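Here's the structure, in structure tokens; my notes come after.
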Amino acid sequence: MFTGIIETLGTIQDIQKENNNIHVTVNSSITGELKIDQSVAHNGICLTVVNISHDAYIVTAIKETIDKTNLGDWKVGDSVNLERAMKLGDRLDGHIVQGHVDQTGICKNIENAGGSIYFTFEYDSSLNNITIEKGSITINGVSLTVVNSKKNEFSVAIIPYTLEHTNFKNFEIGTKINLEFDVIGKYVTRLQELRK
């Protein structure tokens with residue numbers, strides 16, 4: 001379980017394919033605090049640490065993860081948002097984030113609003129995921145509030161601190177991002193489907 005409050009950025013140091021799996025080596029300032037078998041969210045994807053060496057560690061992604069996320073597009077040198085699993089009893093500063101990406105989306109527009117930056121994202125609504133106005137959304141692991149919710153797109157407003165401390169600063173029109181829709185919204189949608 002995560003909160004969507006990013007701790008730090010990591011840099012992808014190496015990518016190795018093995019059959020349908022991808023092994024990703026990440027260099028990070030928190031590597032020394034990690035242990036093997038620990039869960040870490042990478043751009044919102046919950047991955048398990050399988051090896052640690054000096055200031056880098058390795059995580060492995062299976063085909064299911066690769067198919068539902070932007071992980072297959074990662075390149076050496078890319079920055080990823082990192083968050084370790086929350087501790088029981090911690091404050092929930094963001095919202096409930098499972099680290100299970102629902103689907104990807106595409107950055108459609110970036111607008112500087114004088115003090116904040118609005119990012120608009122488009123996604124495939126045929127997968128039955130929805131956003132709710134003023135509800136929560138996780139983008140590349142970052143907990144944010146939805147504004148201008150539509151059937152297949154929505155916007156979020158980013159403050160300068162979030163822009164500086166996440167990989168949002170690298171986004172451009174066309175950037176593919178990971179989306180985890182609000183778990184409460186998902187359950188409400190499922191209940192509505194069952195009632196039909």
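The shown structure was predicted, so the numbers you read here are calculated from the model rather than taken from an experiment.
Across all non-hydrogen atoms, the minimal contact from Ile15 to Val76 is CD1-N, 4.0 Å. Smallest separation of non-hydrogen atoms from Asp73 and Asp78: O-OD2, 4.2 Å. The two atoms that bring Gly115 and Pro160 nearest to each other are O-CD, 3.2 Å, heavy atoms only. Minimum heavy-atom separation, Thr131 to Ser149: OG1-OG, 2.7 Å. Ser79 approaches Asn170 most closely through the heavy-atom pair CB-ND2, 4.0 Å. Closest non-hydrogen pair, Ile6 versus Gly141, comes out as CD1-O, 3.3 Å.
The aromatic rings of Trp74 and His42 are tilted relative to each other, their planes meeting at an angle between 30° and 60°. The aromatic rings of Phe154 and Phe121 are tilted relative to each other, their planes meeting at an angle between 30° and 60°.
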| said: Determine whether Leu71 and Ile22 satisfy the following criterion, side-chain contact (heavy atoms from CB on, under 4.5 Å), listing intermediate values before the conclusion. | reply: CA-CA 9 Å; Leu71 192 146; Ile22 295 179; 4.0 Å; yes
Begin with the C-alpha distance, continue with both residues' side-chain angles, and end with the deciding distance and a verdict on side-chain contact (heavy atoms from CB on, under 4.5 Å) for Val59 and Val40.
CA-CA 9 Å; Val59 291; Val40 179; 5.7 Å; no
Item to check | Stepwise ring pair (Phe, Tyr, Trp, His ring centres under 6.0 Å) check, Phe181 with Tyr123 | outcome: CA-CA 11 Å; Phe181 293 81; Tyr123 64 96; 5.2 Å; yes
Stepwise, does the side chain to side chain donor-acceptor pair (under 3.5 Å) test hold for Thr120 with Glu153?
CA-CA 7 Å; Thr120 301; Glu153 72 174 48; 5.7 Å; no
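To the nearest 0.5 Å, atoms CG (Asn112) and OH (Tyr118) are separated by 11.0 Å. Remark: Ile139 CD1 to Ser143 OG distance equals 9.5 Å, nearest 0.5 Å. With rounding to the nearest 0.5 angstrom, the CD atom of Glu64 is 9.5 Å from the OG1 atom of Thr69. Here the straight-line distance linking atom CG of Leu179 with atom OG1 of Thr138 works out to 9.0 Å at 0.5 Å rounding. Considering NZ of Lys108 and OG1 of Thr175, their distance stands at 15.0 Å, rounded to 0.5 Å. Here the OG atom belonging to Ser126 is positioned 9.0 Å from the NZ atom belonging to Lys151, to the nearest 0.5 angstrom.
For the pair Ile132 and Val146, the minimum side-chain heavy-atom distance is 4.5 Å or more. In this structure the side chain of Phe168 reaches within 4.5 angstrom of the side chain of Leu144, judged on heavy atoms. Two residues are said to be in side-chain contact when any heavy atoms from C-beta on lie closer than 4.5 Å; Ser28 and Thr8 meet this criterion. With a 4.5 Å cut-off on side-chain heavy atoms, Arg84 and Leu34 count as touching. Side-chain atoms of Val147 and Glu133, non-hydrogen and from C-beta on, do get closer than 4.5 Å to each other. For the pair Asn178/Thr104, a side-chain contact is recorded, criterion being any heavy-atom separation below 4.5 Å from C-beta on. By the 4.5 Å heavy-atom criterion applied to side chains, Asn140 and Phe171 are counted as neighbours.
There is no path of hydrophobic side-chain contacts, each under 4.5 Å, that joins Val80 to Val142. Clustering ILVMFWY residues whenever any of their side-chain heavy atoms sit less than 4.5 angstrom apart, transitively, puts Ile12 in a cluster other than the one holding Ile58. Hydrophobic clustering of Ile, Leu, Val, Met, Phe, Trp and Tyr side chains at less than 4.5 Å, counting indirect connections, unites Leu163 with Ile110. Cluster annotation: Phe2 is not connected to Leu82 through the hydrophobic network of ILVMFWY side chains, with a link wherever side-chain heavy atoms come within less than 4.5 Å. Linking Ile, Leu, Val, Met, Phe, Trp and Tyr whenever their side-chain heavy atoms come within less than 4.5 Å puts Ile158 and Ile173 in one cluster.
Side chains of Asn81 and Glu83: a donor-acceptor N/O pair is absent below 3.5 angstrom, by distance only. A side-chain donor from one of Asn129 and Gln103 sits under 3.5 Å from a side-chain acceptor of the other.
With hydrogens and angles disregarded, no donor-acceptor distance shorter than 3.5 Å links the side chain of Asn167 to the backbone of Leu9. Under a 3.5 Å cut-off, the side chain of Ser125 and the backbone N or O of Asn152 do not form any donor-acceptor pair.
Annotation: side chain to side chain donor-acceptor pair (under 3.5 Å) contacts of Lys169 (sequence neighbours excluded): none.
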